[in-house]
Amino acid sequence: MAKWGRSFLHIKTSDVVLDLGCGGGRNVQYFLTKAKKVYGMDYSKTSVDIASSVNSEAIRDGRCKIIEADVAKLPFEDESIDIVTAFETIYFWNDIEECFKEIYRVLKKGGQFLICNEVSSMKRRDVKKLAHMIEMEVYTPDDLTKMLGKLGFNFEYHLDRKQQVVFIARK
């Protein structure tokens with residue numbers, strides 16, 4: 001799914017990429033093959049440790065930094081990031097609209113924001129069960145369209161046959 005999601009990005013070698021909810025660091029590792037600088041960020045210290053280990057060489061070279069932080073308070077300057085990605089993570093963000101405002105703030109004009117989710121509706125029985133077991137919010141394409149549009153993003157989205165969704169929003 002991540003490969004499908006990444007296929008919608010236009011990455012230049014001069015780009016700075018921020019992967020939110022970087023987990024084990026595999027998407028960070030991929031972005032390092034395409035962009036000059038990559039940041040990985042996660043709320044979980046364990047994920048930060050794993051992603052740091054996976055990308056240790058690029059960290060030593062100064063091309064990568066993995067940080068523990070909250071999406072609602074991004075530790076980056078205004079308009080300093082070319083591409084922001086969120087793979088399978090927005091389900092867990094508190095105050096998602098505030099998080100989207102922060103992403104808009106740090107994106108450069110013309111920057112890209114990618115959301116890639118396996119789940120785009122609560123219609124599937126397995127999703128309903130999972131959402132009740134863990135604190136998880138499922139956002140439909142309509143939900144995301146309203147929130148991103150209100151902030152001024154231009155966007156498009158794609159659904160595959162499994163109803164997995166990719167949103168690509170541009171500032």
Side-chain angles (χ1 to χ4, degrees), residues 1-43 47 50-52 54-55 57-59 61 63-67 71 74 76 79-93 96 99-100 102-124 126-127 130 136-149 151-171:
M1 187 181 73
K3 184 177 179 182
W4 174 62
R6 293 188 309 243
S7 74
F8 293 96
L9 289 171
H10 303 286
I11 306 169
K12 298 184 300 265
T13 55
S14 59
D15 282 341
V16 176
V17 178
L18 168 59
D19 183 33
L20 299 171
C22 67
R26 295 295 177 200
N27 283 315
V28 168
Q29 190 175 46
Y30 169 81
F31 292 132
L32 283 163
T33 69
K34 304 287 184 190
K36 77 170 183 179
K37 179 85 174 185
V38 180
Y39 294 96
M41 194 179 103
D42 207 291
Y43 196 73
S47 291
I50 293 168
S52 295
V54 166
N55 296 288
E57 187 176 319
I59 292 169
D61 293 344
R63 294 189 53 237
C64 180
K65 188 170 184 182
I66 309 291
I67 54 177
V71 179
L74 294 175
F76 297 94
E79 298 189 352
S80 60
I81 307 290
D82 298 290
I83 298 172
V84 176
T85 62
F87 293 89
E88 293 284 285
T89 187
I90 68 168
Y91 314 117
F92 309 107
W93 295 356
I96 193 166
C99 295
F100 285 169
E102 275 292 279
I103 291 163
Y104 192 87
R105 179 186 66 77
V106 303
L107 268 178
K108 292 178 182 176
K109 187 171 173 68
Q112 303 169 79
F113 173 35
L114 174 88
I115 299 169
C116 188
N117 284 350
E118 183 178 353
V119 178
S120 66
S121 111
M122 289 290 284
K123 292 179 183 172
R124 289 179 16 203
D126 61 328
V127 172
L130 181 62
M136 165 182 181
E137 186 71 35
V138 175
Y139 298 98
T140 67
D142 285 346
D143 296 333
L144 294 173
T145 294
K146 288 174 188 161
M147 288 185 276
L148 294 170
L151 289 171
F153 279 107
N154 295 312
F155 55 85
E156 62 189 53
Y157 71 88
H158 307 272
L159 289 168
D160 70 3
R161 60 182 171 73
K162 296 179 188 174
Q163 297 300 295
Q164 297 177 131
V165 66
V166 169
F167 258 80
I168 185 76
R170 289 177 183 81
K171 180 174 178 181

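Nothing fancy with the numbering, it's 1 onward along the sequence. Fair warning: this is a prediction, and the values are worked out from it, not measured in the lab.
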Checklist entry - Side chains of Ile66 and Val28: does their closest heavy-atom pair fall under 4.5 Å? => result yes

Next on the checklist: Evaluate Ile83 against Leu114 for side chain to side chain contact (heavy atoms under 4.5 Å, CB included), listing each step before the verdict.
Outcome noted: CA-CA 8 Å; Ile83 298 172; Leu114 174 88; 5.7 Å; no

Item to check | side-chain hydrogen bond (donor to acceptor under 3.5 Å, both in side chains) assessment of Asp142 paired with Thr145 | outcome: CA-CA 5 Å; Asp142 285 346; Thr145 294; 5.1 Å; no

Item to check | CD (Glu79) with more than 12 external heavy atoms under 6.0 Å | outcome: yes

Next on the checklist: side chain to side chain contact (heavy atoms under 4.5 Å, CB included) for Ile81 and Leu74? Distances and angles first, verdict last.
Outcome noted: CA-CA 11 Å; Ile81 307 290; Leu74 294 175; over 6 Å; no

Next on the checklist: Heavy-atom count check: over 12 atoms from other residues, nucleotides or ligands less than 6.0 Å from Lys37 NZ?
Outcome noted: yes

Checklist entry - Less than 6.0 Å separating the ring centroids of Tyr39 and Phe76? => result yes

Checklist entry - With a 4.5 Å limit on heavy-atom distance, are the side chains of Ile59 and Ser52 in contact? => result yes

Checklist entry - Closest heavy-atom contact between Phe167 and Pro141? => result CZ-O, 3.5 Å

Checklist entry - Under 3.5 Å, is there a donor-acceptor pair between the side chain of Asp82 and the main chain of Val17? => result no

Checklist entry - Which distance, rounded to the nearest 0.5 Å, do you find between the CZ of Phe8 and the SG of Cys116? => result 8.5 Å

Checklist entry - Of the non-hydrogen atoms in Asp42 and Gly21, which two are nearest, and what is the gap between them? => result OD2-C, 3.2 Å

Checklist entry - At what distance, to the nearest 0.5 angstrom, does CE of Met147 lie from CD1 of Ile90? => result 6.5 Å

Item to check | Those residues that, when tested against Phe87, pass ring-ring contact (aromatic ring centres under 6.0 Å, His included) (two or more places apart) | outcome: none

Item to check | Tyr30 backbone acceptor or donor facing Arg6 side chain under 3.5 Å | outcome: no

Checklist entry - Could you walk me through whether Asn55 and Val38 pass the side chain to side chain contact (heavy atoms under 4.5 Å, CB included) check? => result CA-CA 10 Å; Asn55 296 288; Val38 180; over 6 Å; no

Checklist entry - Can you name the nearest heavy-atom pair linking Gly23 to Ala51, along with the distance? => result O-CB, 3.5 Å

Checklist entry - Thr89 and Leu20: which non-hydrogen atoms are nearest, and at how many Å? => result CG2-O, 3.6 Å

Next on the checklist: Tell me every residue that passes salt bridge (charged side-chain N to carboxylate O under 4.0 Å, His left out) with Arg170, counting only those two or more places apart in sequence or in another chain.
Outcome noted: none

Next on the checklist: As an exercise, state the distance from CD of Gln164 to CD of Glu88, rounded to the nearest 0.5 Å.
Outcome noted: 7.5 Å

Item to check | Lys12: salt bridge (charged side-chain N to carboxylate O under 4.0 Å, His left out) partners, not counting sequence neighbours | outcome: Asp15

Next on the checklist: Within the supplied structure, the quantity of interest is the number of heavy atoms (other residues, nucleotides, ligands) at a distance under 6.0 Å from Lys34 NZ; does it exceed 12?
Outcome noted: no

Checklist entry - Any side-chain heavy atom of Met41 within less than 4.5 Å of one from Asp19? => result no

Next on the checklist: Does Lys171 qualify as a cation-pi partner of Phe113, given the criterion of NZ or CZ under 6.0 Å from the six-membered ring centre and within 45 degrees of its axis?
Outcome noted: no

Checklist entry - Where do Ser80 and Val16 land on the side chain to side chain contact (heavy atoms under 4.5 Å, CB included) test, with the steps shown first? => result CA-CA 8 Å; Ser80 60; Val16 176; over 6 Å; no

Item to check | Exam field: side chain Gln112 to backbone His10, donor-acceptor pair closer than 3.5 Å | outcome: yes

Next on the checklist: Is there a side-chain contact between Val166 and Met1 in this structure, where contact means two heavy atoms from C-beta onward sitting under 4.5 Å apart?
Outcome noted: no

Checklist entry - Can you tell me how far CG of Leu159 sits from CG of Asn117, rounded to the nearest 0.5 angstrom? => result 11.0 Å

Item to check | Leu144 side chain reached by Phe153 side chain, heavy atoms, under 4.5 Å | outcome: no

Item to check | Atom pair CZ (Phe100) and CG (Leu151), whose distance is rounded to the nearest 0.5 Å | outcome: 8.5 Å

Item to check | Passing candidate, side-chain contact (heavy atoms from CB on, under 4.5 Å) with Leu148, options Ile115, Asp143, Asn154 | outcome: Ile115

Checklist entry - Considering residues, nucleotides and ligands other than Phe155, do more than 12 of their heavy atoms fall under 6.0 Å from its CZ? => result yes

Checklist outcome for this item: Nearest heavy-atom approach of Asn27 to Ala2 is OD1-CB, 3.6 Å

Checklist entry - Okay, side chain of Arg26, backbone of Val54: is any donor-acceptor separation there less than 3.5 Å? => result no

